[in-house]
Protein chains: 2
Amino acid sequence: MAKAKRVLKWQRDPEGMRIRILEAAKQEFAAHGLAGARVDRIAANAGANKRMLYYHVGNKEDLYLEVLEGAYEQIRAEERGLDLEHLDPPEAIERLIDFTWNYFIRNPEFLALLNTENLAKARHLKRSTKVKSMHSPFVEMIRTVVNRGVESGDFRVAVDPVQLYISIAGLCFFYLSNSATLSVIFGRDLLKKEARDERLAHMVALVLAALTGKSTADFGKVKAAGLRAPAHQPV
Amino acid sequence: MAKAKRVLKWQRDPEGMRIRILEAAKQEFAAHGLAGARVDRIAANAGANKRMLYYHVGNKEDLYLEVLEGAYEQIRAEERGLDLEHLDPPEAIERLIDFTWNYFIRNPEFLALLNTENLAKARHLKRSTKVKSMHSPFVEMIRTVVNRGVESGDFRVAVDPVQLYISIAGLCFFYLSNSATLSVIFGRDLLKKEARDERLAHMVALVLAALTGKSTADFGKVKAAGLRAPAHQPV
DNA sequence: ACAGTATTTATCCAACGGGTTAATTTCTCG
DNA sequence: CGAGAAATTAACCCGTTGGATAAATACTGT
């Protein structure tokens, strides 16, 4: 009995616990929305007791807001890492689209969270000074790129950077966020590798063609990346 | 007491009841999603007893699916009414964008329902033979328009109609579906009249510029409809 | 080693929410 | 006009769920 080395029933790890809780919450909210999310499932997936959520973060809505803020924080951080200054304008735009597209693919929860927040009419976001203070560098990046493009003659016209930003995001977002229903409607898997590649090529071609006035190879190639529609009745 | 002309407590109206239930359900599901929707609220807003939902339609999920199918049915019907045959290609494309844009504006519940269904990974849509059999005429319309455009020389290149369809829908969908969060991020109301007009002009200009190679007035005009970004830090 | 605090576990509960059962009223048609 | 079917109301049931309370265990500094 002297050897009875005291065996721990559990260890303290507040930081780790908090991280696991927020990660589990992110997955849960992304998968089921705010109303559909279950506090017990979050706790279980975090390997925690339900009480921990309230101890470390707060109630369900606090948890949700924290997740949402974290999601914005993350994308803003990655956006800042993208420097388009040294690229010539068309390449910069392509890089921008490529980044947006792949960020969305790598972080599907982000798309789901945005949809959930929009279902709530941005009720939480409005109260978050944190998010409102996190400005995306993209609009300014686009503005300078477009200006440079117009000066160099690469681009024919000036475009409102906000509109262009929303357009690029929209081209990527809609395809991915709605891939489930679109895949059913069109009767083909829009998320498989070839389909994704084809989509990226199309988006880049579309935007660059509009800006430069010259059609790039991909946009023009009829056969390229299966730009042809399959011979059937889609919707 | 002989005069006691029997006063009715309620009247029978199965068809009307069914319609009111489905309408109330559409609003409820659009406003709160599948998990957030409340059966009692649907009943109340339909001016009915909760039992009526189960009597006329079925359980919550049946109700949801019926609403979803109805939404697809409606847009398909309106789509068929749009004939692009007699327009020359650029005008046809503009008409297409205009229709899509305004349909989404007139039917915001449709956007919300699609988001809800995608959150559910299209689980219900997959089981709906009804929706799968309703083919949108748009892809075929686009195909012929693009072909005509290429032949006439209006368009420089052939584009996959499916990609173009998704792009047009995406440009409209994202802006409207995410207007709540975007409005907060950009610090301005994206749904007010001027903003909507500006957006429509931008989308038409973007797509037509890409297809025709010529920049239209709106796309080029720097001042037009406030294409200029406001002088501040958005996002 | 021990007192005090931080962290975690173990239960509990009241309200909510989907769905059901049973009674009531209206309508139809012979 | 009256009986049976259709439509609707009223009341109830019961598992789920967010949240709270209380007790236990692990750390930390002295």
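Letters A, B, ... mirror the listed sequences (proteins, then strands); counts begin at 1.
For A:Glu78, the salt bridge (charged side-chain N to carboxylate O under 4.0 Å, His left out) partners at least two apart in sequence or on another chain are A:Arg106. Listed by chain and number, the residues in a ring pair (Phe, Tyr, Trp, His ring centres under 6.0 Å) with B:Phe173 are A:Phe174, B:Phe104 (sequence neighbours excluded). Residues that satisfy the side chain to side chain contact (heavy atoms under 4.5 Å, CB included) test with B:Met141, not counting sequence neighbours, are B:Leu84, B:Pro137, B:Phe138. In this structure, the side chain to side chain contact (heavy atoms under 4.5 Å, CB included) partners of B:Asp98, at least two apart in sequence or on a different chain, are B:Asn102, B:Leu200. When the ring pair (Phe, Tyr, Trp, His ring centres under 6.0 Å) test is applied to A:Tyr64, the partners found at least two apart in sequence or on another chain are A:Phe29, A:His124.
Residues in residues 52-61 of chain A take part in these salt bridge (Lys or Arg N to Asp or Glu O under 4.0 Å) pairs, two or more places apart or across chains: A:Glu61-A:Arg123. Sorted by first and then second residue, the salt bridge (Lys or Arg N to Asp or Glu O under 4.0 Å) pairs involving residues 63-73 of chain B (not counting sequence neighbours) are B:Arg18-B:Glu66. Under the salt bridge (Lys or Arg N to Asp or Glu O under 4.0 Å) criterion, the residue pairs touching residues 39-58 of chain B are B:Glu28-B:Arg41, B:Asp40-B:Lys50, with sequence neighbours excluded.
Look at B:Arg38 and you won't find any side-chain N or O under 4.0 angstrom from OP1 or OP2 of C:dC16.
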Interface polar pairs with nucleotides 10-15 of chain D, N/O, under 3.5 angstrom:
{"residue": "D:dA10", "atom": "N7", "partner": "B:Asn49", "partner atom": "ND2", "Å": "3.2"}

N/O to N/O distances under 3.5 Å, protein versus nucleotides 4-7 of chain D:
{"residue": "D:dA6", "atom": "N3", "partner": "B:Arg12", "partner atom": "NH2", "Å": "2.2"}
{"residue": "D:dA7", "atom": "OP2", "partner": "B:Tyr55", "partner atom": "OH", "Å": "3.0"}

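Less than 4.0 Å separates DNA chain D from no heavy atom of any residue of residues 60-71 of chain B. Contacts of residues 39-47 of chain B with DNA chain C (heavy atom under 4.0 Å): B:Val39, B:Asp40.
At a threshold of 4.5 Å between non-hydrogen side-chain atoms, the residues B:Leu65 and B:Ser128 count as touching.
A:Arg76 and A:Glu79 are joined by a salt bridge, as a carboxylate oxygen and a charged side-chain nitrogen come within less than 4.0 angstrom of each other. With respect to the salt-bridge test (charged N to carboxylate O, under 4.0 angstrom), the residues B:Arg143 and B:Glu140 qualify.
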B:His135 vs A:Ile185, test: side-chain contact (heavy atoms from CB on, under 4.5 Å). Steps then yes/no. CA-CA 8 Å; B:His135 307 132; A:Ile185 296 296; over 6 Å; no
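The CG atom of B:Leu34 sits 14 Å away from the P atom of C:dG17 (whole-angstrom rounding). Between the NE2 atom of A:His32 and the P atom of D:dT16 there is a distance of 16 Å, given to the nearest Å. Rounded to whole Å, the distance from CG on A:Leu53 to P on C:dT9 is 11 Å.
No contact: B:Ala35 has no heavy atom under 4.0 Å from any strand.
Side-chain atoms of B:Asn107 do not come within 3.5 Å of backbone N or O of B:Glu109 as any donor-acceptor pair.
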